[in-house]
Every structure is written in structure tokens, then in C-alpha cells.
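Structure first, then comments.
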Amino acid sequence: MAATLNTPDENVWGTLFGEGSSDLLTEINSSVRFDYRLIEEDIEGSIAHVSMLGHVGALPAQDMAEILAGLRVLQAQARAGELTLDPSLEDVHMNVEHCLRQLIGPVAGRLHTARSRNDQVALDAKMWVRRAEARLDRHLALLIDVISTRAVEFAEVAMPGFTHLQAAQPVSFGHHLLAYVEMFLRDRDRIRSAHTRADESPLGAAALAGTSHPIDPFFTARALGFSSPMRNSMDAVSDRDFMLDLLAIGSILATHISRLGEELVLWSTAQFGYVQLPAELAAGSSIMPQKRNPDVAELIRGKSGRVIGNLVALLTVLKGLPLSYSRDLQEDKEALFDTFDTLDVSLRSAIALMSGLTVDTARMAADATVGNTLATDVADWLVVRHGLPFREAHLSVAQLVRSLGERGQQLHGADPAWIRAFAPVFKDLPDEVLTLQHSLASRTSPGGTAPASVRAAAAAARVRNHSRSPLPGPPDEGPDTKETDQ
Ligand code: ARG
């Protein structure tokens, strides 16, 4: 969809009140510069509404046919980006009605029978949100597939696992990646539950109280892909929970993406040197010739700030707002559109980063033992081999590690014979316990990092991902994502 804006020429309420309103009113009142993005949903909603009016006999068949024909023309024009919108006509809804009148004459005035902009805007926004959710969900499904595939590739690759950002125990790099898969699968579940809650159509509430016309809101609900109409007309026009849901879920999702971005930034430093970001996604520095900056990873980290801000902004608008509709609710849309746009580009960036990432597996593995990360393996061996209480085993290994440290050494790389001679409990310690391979392979507890478990978990994650069927939405496109010339 695309829409263009005219320069202000006519004021919609000026004619009603018999005098021109001030430019200031237009400036603060007009939402066209952002709500033009609802135009397709607005026209679809009107098509359903006028069909319903004809169906129940609230509108003569001839009028219905003329209005429908006009709306279909506008629909094609909107899709082709050929509709010109006028900011002085307040919002997208007034603009569509105005264009319809230009096209088919005064019969256009019958479209708004039994409807208010209050239920109309709630409907348009809800339809837009559902499509946005479907689109984000498709991106998430792809991201999960990409990461699970790479997790299999790196199932055997050891890296240091961190707690407190201190080297803790070796883990499989594939295992580390699958932690993100779990987060993104939960994000898909959250989107689904929000989608289910947003399954009631607000249309039919009219301004706030319902209407005396013999409408059939079940007809419009079904025509527009909802399972039923909302049950309370005052809730219908004032509810924005469906938006809060998307902004809240989006904030959690953005937080996940941000953590991934941060790890990519860290891992791609010269100091870590674990990964190289895809060359086409790295930016240079204007002064330092050697630099390859991880801008895309930094941006997916940083953009989470705005997404979280948008949630707080809408919560703040809604907090304390009396029932039912107040114009404050117009302030919902910029936060919504910005959150969607930000998540859309962040997810596509995460997909590109994760599919194009090159990994220095030797460097990772070499780092995996730095910081005595095999200490727990030795303590566990003492428990199993010599029946030591874990606390005693812990103490013995701590003494061993301290003595090695005094000699400038670490567990890995030290002479195993020296370790065996250090104390009687260590005398039969096999060399194998001091290897990465043993360490990883031994962690076979459910959800653990053993490479065989990681491969199985990655395969299971793909199955879980695909068992969540795509959400209903336009087949290839979600809501409009393009800015238009205004
Ligand atoms: N542009 C308005 C909004 O976004 C549409 C509803 C206006 N309703 C009204 N009674 N002024 O909320």
C-alpha cells in the first residue's frame, strides 16, 4: 500500500461549523501522516460493513452495489499507491469516505450508517496488528530454522560457557545457539496467544453504545477473519489490549534479539575472535583503515530501546483514561508502527547475520579451557571414582588449581603426571578427564550440552518450529512496511 498526501486545502469540520478551523487544529489533530498505513484495512472493513448493511436490509441493494463498486475502485487505487490523501481531512477514515464521495457522489454518505470512527479505527488497527503478528511470526520461524541448522553444524565445537562473563565450563557452540531458539520459540507462542485474544471484531459498537440499526456484527466479524464480535460496545471502542500485547511481546522479542546482538558484538572483537560477521553487513571506519565494525549487530542491540519505549508510551497513554473512546487513543499508532518496523528489520537482520556468520572453531575451542574450565569435571570424577562428597572434591580441586596457578599454570596444559602426584586422590586421574571432548560428551543430562544431545535438540527444535502453523494473513505481505512520499 502506498498513499500520498495533498497540501491542506479544505477543512472537514470547518464546513460543519460554518467557519474555518485553525491551522493549529489541523496540525495537532491530523493523523494522516501515519494512519495512512491503515488504508487497506479501512477499505476492507468498509466493504464488509456495507455488505452487512445490504444483507440485513439496512441499505437498498442498489446503494450497496454502488458503494461496493466505489470501494473496490479505491481498493485497487490504494494498492497501486494512487490515492492522494489530504491531511486537513483529519485521518485516513475521513479521507477514504471523501474519495468515495468524489467517485460515486452523495450515496457515499450511506456508508457510515450504524458505524462510528470509534469502532472503525479499533477494527482497522486490530486487523493491522493481526497481520503484523503473522508477518513477525514468519520471520521468527525462519530465524529459528537458520539458528537450528547452524547449531547442528557446531554441535561438536567447544567454546567457553560463561557465568558472570567469567569462563565457567566448556559448552558446545551449537548448544549456546539453541538457547536462542528456545527464546524465539517462546516468542512465537506469545504471538499465537495474543492472536487468539485479538480474535473479536470491534465493528458494531458504533460510537460507544451500539446502534438502533438492525446490524449483524457476526456477519462482519466472519467476513473480516474474526471468530466473533466483541461482547461489550464500550470495551470495543476503548480497548487497545491487542496493541499492548504486540508491544509487550515485541519488547520481549527485541530483548532477545538484543542479547544475541550483544554476543555477536563481543564475539567478533579482535580479543574474542570467535566469529566474523558477514562482510556485506560490516561497516568500515572513516578514520581507522583496519576497522570492520559490527554495526548491524549493534543496531539490533540498540533498537530494543525504542521498542521498549513504545510499550511504556502506550501504557502511559492508556493509564487512567476514562471509558470509552478519547482522542488520546490516536496516540497509539506511531508507537505501534514503529515497533513493527523495528522488529521487522531487526529480525531480517538477525536472519542475515546468523546465516552468514563465519566461526573460528579452533579459536573457540582453544579458549574453551582457558580459566580452568575443566575444574568441575575433575571434581565430578573424584565424586564418582573415589566416592568423595562433592564439597570435599570441590576443596581438593580448588587446592590443585591454586597450586597450579602459583606455578603459572592451568588445569588444561599442565603435566598430568604432576597433577597425579599432587595428592593421593588424584593418583589415578586419567588424562581423558582433562580433555574438552570428555567434558562435553559427559554432560548428558536432559537439556545439557553433550554434542549428541545438541544434535537431537536441534532436530526437535525444527520439528517444534514447524508444528506451529503459519498465522492467517496475506500470503506474502504483512501490513505495509514502506514509507511513502508525503
Ligand atoms: N483518528 C482517530 C483515531 O485514531 C479516529 C477516531 C476518531 N474518532 C473521533 N470521535 N474523533 O483514534
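Numbering of ligands and ligand atoms starts at 1, following listing order.
- With hydrogens and angles left out, the side-chain atoms of R72 and Q75 include no donor and acceptor closer than 3.5 Å.
- Exactly one residue among R131, K303, R135 makes a salt bridge (Lys or Arg N to Asp or Glu O under 4.0 Å) with D344. That residue is R135.
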Show the distances, to 0.1 Å, for all pairs joining an N/O atom of ligand 1 and a protein N/O atom that are shorter than 3.5 Å, listing one pair per line.
unit_1, atom_1, unit_2, atom_2, d
ligand 1, 1 (N), D91, OD2, 2.9
ligand 1, 1 (N), Q330, OE1, 2.7
ligand 1, 4 (O), K333, NZ, 2.5
ligand 1, 8 (N), N118, OD1, 3.0
ligand 1, 10 (N), N118, OD1, 3.2
ligand 1, 12 (O), Y325, OH, 2.4

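- Across F154, W267, Y274, a single residue satisfies ring-ring contact (aromatic ring centres under 6.0 Å, His included) together with H176, and that is W267.
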R115 vs H112, side-chain hydrogen bond (donor to acceptor under 3.5 Å, both in side chains): CA-CA, chis, key distance, verdict: CA-CA 5 Å; R115 187 177 71 169; H112 214 50; 3.2 Å; yes
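- A salt bridge is defined here as a Lys NZ or Arg NE, NH1 or NH2 lying under 4.0 Å from an Asp or Glu carboxylate O, and R130 with E133 fails to meet this definition.
- Summarising the local packing, CZ of F162 is surrounded by more than 12 heavy atoms from other residues, nucleotides or ligands at distances under 6.0 Å.
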